[in-house]
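Chain letters run A, B, ... following the sequence lines, proteins first and then strands; every chain starts at 1.
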Protein chains: 2
Amino acid sequence: MDDDTQKINMKALAKALNLSTATISKALRDSYDISEATKIKVREAAERLNYVANAYASGLRSHQSNTIAIVIPEIADSFFSQAINGIESVAGNKKYHALIYLTHDSYEREAAILNEFTSGRVDGLLMSVASSTLDTAHIGKLQKAGIPIVFFDRDCRQIPTASVTTDDFNSAYNATCHLIKQGCKNISLITVQGHVSIFLARKDGFRRALEAGGITPLPSNFVYCPNKYSDESIKLIGNHLNEVQPDGLLLTVEHLSTAAYLAAEEVKLSIPNDIKIVCFTNQITAPVLNPSLTTVQQPAFAMGQKAAELLFEYLSHKYIQLEKEHLVLPSMLVVRGSTSPTSDNKKLTQL
Amino acid sequence: MDDDTQKINMKALAKALNLSTATISKALRDSYDISEATKIKVREAAERLNYVANAYASGLRSHQSNTIAIVIPEIADSFFSQAINGIESVAGNKKYHALIYLTHDSYEREAAILNEFTSGRVDGLLMSVASSTLDTAHIGKLQKAGIPIVFFDRDCRQIPTASVTTDDFNSAYNATCHLIKQGCKNISLITVQGHVSIFLARKDGFRRALEAGGITPLPSNFVYCPNKYSDESIKLIGNHLNEVQPDGLLLTVEHLSTAAYLAAEEVKLSIPNDIKIVCFTNQITAPVLNPSLTTVQQPAFAMGQKAAELLFEYLSHKYIQLEKEHLVLPSMLVVRGSTSPTSDNKKLTQL
DNA sequence: GCTTTTTACTTAAACGTTTAAGTGAATAAA
DNA sequence: TTTATTCACTTAAACGTTTAAGTAAAAAGC
């Protein structure tokens, strides 16, 4: 049994085979100037002795880490977890490693995290910007330092690089039109604080749809909640329901669905009879909520996947120009009970 | 403006200050043999010139990566995403980086991932084992190679190291007792395929509770679904509902809740009147499902946090012996509509 | 006033790879 | 046969840190 679990390095492997480390290194990287016979011998010995090249030595010498960073606001949200699945599905295949960082939507954290990346720790960056980020100098600086960045979902227009987003304006527009079509006359947008592209786009889409429907949006129709699930959101929405008495709600983030449902229950409003609700969310429980929830479902997995593909495409050979790549994947309005008059019909509409 | 974004290394910084790299290195690591005045000068210059030490050079030289790996089966599950939040809350503070790997419950992937860690890429490992893992040689080998491991949620008894789990046996036992108390006489366990500790413990707890309640569990009361959300699960559960006609279900994984609700709907069974349901899940939508779902809620965040704390405790000074640390955090049975006779009372019971 | 200790540095080796440049033998070209 | 080329390696430098060992000057001890 060759169960030598003591760590073996390239030198030891070389000595064992009576070869130089250069030969070992080249053999393992399948260099053309090593004979096939030697390559086989080396690979076999490496396998047998359980040799794995030291990542830090390789990284130092070759100036590449085979590692990317995923920087996202939070993880307890099905959009982001599905997106990570998408990212992982391509990173894993490409033998890349993925570091994960949560900004909790804080600009300071985001800046501190990005600043670290000057250390050469990562070859590239997949990110969804924090909602509190206004100043983008930290991102620009990293980019100037030569680290390629691909934005997904929440992009940052000031930084000229690739982005993979979904059509937030249209999604919000169509979702709002749907509410109007279902008879709503006093629709509110429940969203989160922050300066993020997607929330602005959703707000715009909402506003335009109202105008197109002959409804003038009032300032009182906009509610800003903290961007994480909390009792405060429930209270804010509850108060809003009491004061403004909307008959329709468009929720821009997943965690607001639970908050809105609970608030409606507290205020004794029946969904969809008294108030109809649409939410941007990917949660799989949407069809089994009480009532089932009409959602704007985003292509989370595909967005993560595409973003990762763009980054790896760039990293493997710099053929593509990242600043020219802007993918917009369609979201889907999935109509369910929370917006139907009768509360149990289901259908799918492609946006 | 010192906006020199070209990468600066320690040598350049040393030259700029007319000092040796040794002095810079020591100053930045706050070594006792550098004067306070010099330290201040160095720190100031490093800040000003935007110097960040090369992670790969430091890693190579010092034999530590300041990086840990998180190896989990999947991420689109609130338990795991909340656990990652917990891990991140301590890793971020300790200036550690976290690599994330998904096994998708495949032993082969898990083994391949762990094998890579011999490369020195990580200082330690936080993991929840794949459900298809039977042979644990890959884990043992890594441990023998000197990489500390802390299991969370799904541990692996064969490997003598720390674990942070929740009391799955008791949770399942109590959940099952609750179903019996609510009048169920023919209760089925809907679980997933695999050999994982927690599922075995949940099954045992279920079985024992039935026996304690004078009910003999039949083989037909056990349904094994694939461990990811899929139509197949819905079909399997639907068939089971038709054939065995249970009046109570204990679901061992989050994604089964949606599947079970949809299956019940398809088969035209009313929850909780025809069938009562309890599910192991942390999803925040549980209270707004139709009907609200009685859950076994696990301390996911705390488990991630504790696991990370144990690992960092060990890494920072090897005072603790990992193999002696076994935390068991309590889960909570949260009773809701899916198990109440009247369908809308709520209460909390500590397990 | 001489020795010892302390202070605040510097020198240089080492970490484990990768790779440009070099080499000697075999083969091909002339 | 001589020269050029190819093949299959080896040598050694380099990547950017950390740190053990060394040092010269200042401070302390006697």
Side-chain angles (χ1 to χ4, degrees), chain A residues 6-43 45-46 49-67 95 116-123 145-146, chain B residues 6-43 45-46 49-67 95 116-123 145-146:
Chain A
Q6 57 261 34
K7 35 194 98 177
I8 184 174
N9 61 18
M10 190 175 271
K11 218 191 229 169
L13 184 56
K15 183 173 283 175
L17 288 171
N18 237 297
L19 287 169
S20 71
T21 60
T23 304
I24 305 293
S25 176
K26 289 180 188 166
L28 291 174
R29 344 190 88 240
D30 207 23
S31 159
Y32 66 95
D33 83 13
I34 300 297
S35 72
E36 203 49 48
T38 306
K39 281 181 189 171
I40 290 172
K41 247 191 301 182
V42 170
R43 280 194 285 253
L49 299 174
N50 233 286
Y51 170 74
V52 180
N54 181 286
Y56 284 83
S58 311
L60 173 59
R61 176 55 225 235
S62 66
H63 292 288
Q64 57 158 353
S65 61
N66 291 312
T67 303
K95 300 290 173 201
E116 240 281 328
F117 296 156
T118 346
S119 70
R121 194 178 286 277
V122 299
D123 295 339
Chain B
Q6 57 263 36
K7 35 195 98 178
I8 183 176
N9 61 18
M10 190 174 271
K11 219 191 226 167
L13 183 58
K15 184 174 281 177
L17 287 171
N18 235 296
L19 287 168
S20 71
T21 60
T23 305
I24 305 292
S25 176
K26 289 180 188 169
L28 291 174
R29 343 192 88 239
D30 207 25
S31 157
Y32 65 96
D33 84 11
I34 301 297
S35 73
E36 204 48 48
T38 305
K39 281 181 187 170
I40 291 172
K41 247 191 301 183
V42 170
R43 281 195 285 252
L49 298 174
N50 234 289
Y51 170 74
V52 179
N54 181 287
Y56 284 81
S58 310
L60 174 58
R61 176 57 225 236
S62 65
H63 291 289
Q64 57 160 350
S65 61
N66 291 311
T67 303
K95 303 289 174 202
E116 240 282 326
F117 296 157
T118 346
S119 70
R121 194 179 285 278
V122 299
D123 296 339

Show me the donor-acceptor pairs within less than 3.5 Å that the side chains of residues 9-20 of chain B make with the rest of the protein, sequence neighbours left out.
{"unit_1": "B:N9", "atom_1": "OD1", "unit_2": "B:K11", "atom_2": "N", "d": "3.3"}
{"unit_1": "B:N9", "atom_1": "OD1", "unit_2": "B:A12", "atom_2": "N", "d": "3.0"}
{"unit_1": "B:S20", "atom_1": "OG", "unit_2": "B:A22", "atom_2": "N", "d": "3.4"}
{"unit_1": "B:S20", "atom_1": "OG", "unit_2": "B:T23", "atom_2": "N", "d": "3.2"}
{"unit_1": "B:S20", "atom_1": "OG", "unit_2": "B:T23", "atom_2": "OG1", "d": "3.1"}

Atom pairs and distances, side-chain donor-acceptor, residues 25-33 of chain A, under 3.5 Å, sequence neighbours left out:
{"unit_1": "A:D30", "atom_1": "OD1", "unit_2": "A:K39", "atom_2": "NZ", "d": "3.0"}
{"unit_1": "A:S31", "atom_1": "OG", "unit_2": "A:D33", "atom_2": "N", "d": "3.1"}

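As rounded to whole Å, 11 Å separates atom C1' of C:dT7 from atom OH of B:Y32. Distance NZ (B:K41) to P (C:dC9): 7 Å, rounded to an integer number of Å. For the pair A:D30 CG and D:dC9 P, the computed distance is 14 Å after rounding to whole Å.
B:R121 meets the salt bridge (charged side-chain N to carboxylate O under 4.0 Å, His left out) test with B:E116; sequence neighbours excluded. The ring-ring contact (aromatic ring centres under 6.0 Å, His included) test applied to A:Y51 returns no partner, not counting sequence neighbours. Looking at residues two or more places apart in sequence or on another chain, you find no side-chain hydrogen bond (donor to acceptor under 3.5 Å, both in side chains) involving A:S119. Residues satisfying the side chain to side chain contact (heavy atoms under 4.5 Å, CB included) test with A:S62, not counting sequence neighbours, are A:Q64. By the side-chain hydrogen bond (donor to acceptor under 3.5 Å, both in side chains) test, A:N54 is found to be paired with no residue, residues two or more places apart in sequence or in another chain being considered.
Rounded to 10 degrees, the angle separating the terminal axes of the helix from C:dG1-D:dC30 to C:dA30-D:dT1 is 40°, with each axis obtained from five end pairs.
Among the heavy atoms of the strands lying under 4.0 Å from A:S35 are primed sugar atoms or P, OP1, OP2 only; no base atom is included.
Between A:T38 atom OG1 and A:I24 atom CD1 the span is 9.0 Å, to the nearest 0.5 Å.
Here the closest non-hydrogen pair linking B:Y56 and A:S65 is OH-CB, 3.0 Å. Heavy-atom minimum distance, A:L60 versus B:L60: CD2-CD2, 3.5 Å.
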Contact list (N/O, under 3.5 angstrom) for nucleotides 24-28 of chain C vs protein:
none

Open item on the list: Return a single string for nucleotides 15-20 of chain C, one symbol per nucleotide in 5' to 3' order, where B is base contact, S is sugar-phosphate-only contact and - is none, cutoff 4.0 angstrom on heavy atoms.
Closed with: BBBBBB

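Considering only side-chain N and O atoms, B:T38 lies nowhere under 4.0 angstrom from the phosphate OP1 or OP2 of C:dA8.
No hydrogens or angles were tested; on distance alone, a donor-acceptor pair under 3.5 Å links the side chain of B:D33 to the base of C:dC9.
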